[in-house]
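The block underneath contains the structure these notes are about, expressed in structure tokens.
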Amino acid sequence: MHLRIDDIAKSWGGHTVLDNVSFNAGENEFVCLLGPSGCGKTTLLRIVAGLTAPDAGRIVLGGRDITAMPARERRMGLVFQAYSLFPDMTAAANVGYPMRLRREPAAKIAARSSELLERVGLGGFGARFPDELSGGQQKRVALARALATEPAMLLLDEPLSALDPAIRGQLRTEIRSLQRALGIPTIMVTHDQEEALAMADTIVCLNHGRIEQSGSPRDLYERPRTRFVAEFVGRANLLSTSFVRDALPGFLERRPPGPEATYELCLRPEDVVIAADPRGDGVIEDTTFLGNLARMTLAWRGRRMVVEVSGRDALPRGESVSVDALRGAWVSA
């Protein structure tokens, strides 16, 4: 099922929330809408779901224009940031609720609810009420409920928020595995760049209601096009053209044409190469050991840089180093 978003615009009280946003989500694709709070990503998800009407633009699902279609007819499975489970219903009853609204046979509802709870790792939990479940388990029930009616598309609004890191990481893997197994196209809203990098086939990075860049996680990380994407998707060392000319002249030949001030060189922390050298012009200011890697702050030619190396190669504070770079990407300033 292919989704096409064409020039969607939305304003609230004279404030532009979405400014002619366009992108595609292919069959079986997992798309993350990534951006800071207030960038318009949740509004865009609600427009796709049919819960908010756009001011302009078109939504096409599977070749059919659904822009004016009521939410109940769009066959979208929704999982909101809040669990939104009915507290007086068991897990199984919560999962089966959308099917009861469609007047499905009781036997079919029971079988489907049991199957979905099993799929999300809650087999045997059907008789429990929401207050008898952990936050992660409630999220799984909400996900199972969204899948109950075999939706054309799954829409997830910050589904992993308010969970502790261990459960968050586990659910991240489970949701992605389930989505692949079911082959259901999915759009997920998140402000967490690590989630987007780990889960998405395509990331749509939004800022102030506009798409800054869309592409694969690797594209956005290794080839950011703008300063915003470079800084929002991972850590970035941003260097002016004049600094690069003196310190890393080999990168100048790859700089796009145009005024110097319009571009900066983005170096990811792992692309900065350092080596202990008593005559080096860099100095390690701080080192944080993180097990498999070490993150260091480097003072170099009047700038501070973030460098990441294997934990085994950590250098102590005060060490003089030589500095080079493996690769970099020129971004629009």
Side-chain angles (χ1 to χ4, degrees), residues 32 34-37 39 165 168-169 190-200 203 205 207 212-213 215-252 254-256 260-333:
C32 279
L34 175 69
S37 297
C39 71
R168 194 173 183 135
T190 183
H191 65 272
D192 188 316
Q193 52 95 4
E194 185 177 317
E195 275 180 16
L197 290 171
M199 298 178 74
I203 296 174
C205 189
N207 184 32
E212 288 270 340
Q213 186 174 344
S216 71
R218 189 163 190 167
D219 280 341
L220 269 67
Y221 186 79
E222 294 185 354
R223 293 174 287 277
R225 294 177 194 157
T226 68
R227 167 186 270 267
F228 175 82
V229 175
E231 293 185 312
F232 197 81
V233 183
R235 291 180 170 83
N237 299 295
L238 294 167
L239 308 176
S240 67
T241 298
S242 59
F243 184 91
V244 172
R245 179 178 291 107
D246 293 335
L248 298 166
F251 284 91
L252 281 180
R254 306 174 217 171
R255 188 176 72 82
E260 285 191 2
T262 60
Y263 291 100
E264 295 173 295
L265 181 65
C266 168
L267 300 179
R268 295 300 187 186
E270 67 273 19
D271 292 333
V272 181
V273 180
I274 59 173
D277 182 350
R279 294 176 296 178
D281 54 2
V283 177
I284 302 299
E285 290 191 325
D286 191 37
T287 296
T288 303
F289 181 72
L290 298 171
N292 64 319
L293 65 84
R295 183 172 298 129
M296 292 171 283
T297 304
L298 167 71
W300 182 44
R301 300 192 178 199
R303 294 190 58 91
R304 279 188 172 80
M305 309 271 285
V306 178
V307 183
E308 291 179 353
V309 301
S310 166
R312 297 186 181 92
D313 298 327
L315 296 174
R317 185 170 179 268
E319 183 87 49
S320 294
V321 295
S322 59
V323 183
D324 203 347
L326 286 173
R327 64 185 69 83
W330 287 96
V331 302
S332 172

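Computation of the quantities below employed the complete heavy-atom set of this structure, encompassing side-chain atoms and omitting hydrogens, waters and symmetry-equivalent molecules.
At distances below 3.5 Å, not a single donor-acceptor pair connects side-chain atoms of R268 with backbone N or O atoms of A329. Distance alone, capped at 3.5 Å, places no donor-acceptor pair between the S320 side chain and the G280 backbone. One N or O on the side chain of N237 and one on the backbone of L267 form a donor-acceptor pair closer than 3.5 Å. No side-chain donor-acceptor contact under 3.5 Å links R235 to the backbone of E308. For the pair R304 (side chain) and A299 (backbone), a donor-acceptor distance under 3.5 Å is absent. Checked by atom type and distance alone, the side chain of Q213 pairs as donor or acceptor with a backbone atom of R225 at under 3.5 Å.
Residues R327 and E222 fail the side-chain proximity criterion, which asks for heavy atoms closer than 4.5 Å. Between V229 and V331 the shortest side-chain heavy-atom distance does not fall below 4.5 Å.
Among all heavy-atom pairs drawn from F251 and V244, the shortest one is CB-CG1, 4.0 Å. Taking every heavy atom of both residues into account, A247 and P249 meet most closely at C-CD, 3.5 Å. Closest non-hydrogen pair, G311 versus F289, comes out as O-CE1, 3.5 Å. Heavy-atom minimum distance, Y221 versus V233: CD1-O, 3.7 Å. Nearest heavy atom pair, residue L248 against residue W300, reads CG-CH2, 4.0 Å. The minimum heavy-atom distance linking A276 with E319 is given by the pair CB-OE2, 3.7 Å.
Other residues, nucleotides and ligands place no more than 12 heavy atoms under 6.0 Å from the CZ atom of R317.
The line from CD of E264 to CG of L239 is 8.0 Å long, rounded to the nearest 0.5 Å. One finds the CD atom of E231 at 9.0 Å from the OG1 atom of T226 (value rounded to the nearest 0.5 Å). Expressed to the nearest 0.5 Å, how far OG1 of T287 lies from CG of L298 amounts to 10.0 Å. The CD atom of E212 sits 5.5 Å away from atom CZ of F228, with the distance rounded to the nearest 0.5 Å.
Under 4.0 Å is where a charged nitrogen must lie from a carboxylate oxygen, and between R168 and E195 at least one such pair does. A salt bridge between R301 and D246 is absent, with no side-chain N of the basic residue lying under 4.0 Å from a carboxylate O of the acidic one.
The only member of V306, I274, T288, V272 that meets side chain to side chain contact (heavy atoms under 4.5 Å, CB included) when paired with M296 is I274.
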- Task: Report the C-alpha separation of F232 and L34 in whole Å, then their side-chain angles, then the decisive distance to 0.1 Å, and conclude whether the side chain to side chain contact (heavy atoms under 4.5 Å, CB included) test is met.
- Result: CA-CA 9 Å; F232 197 81; L34 175 69; 3.6 Å; yes

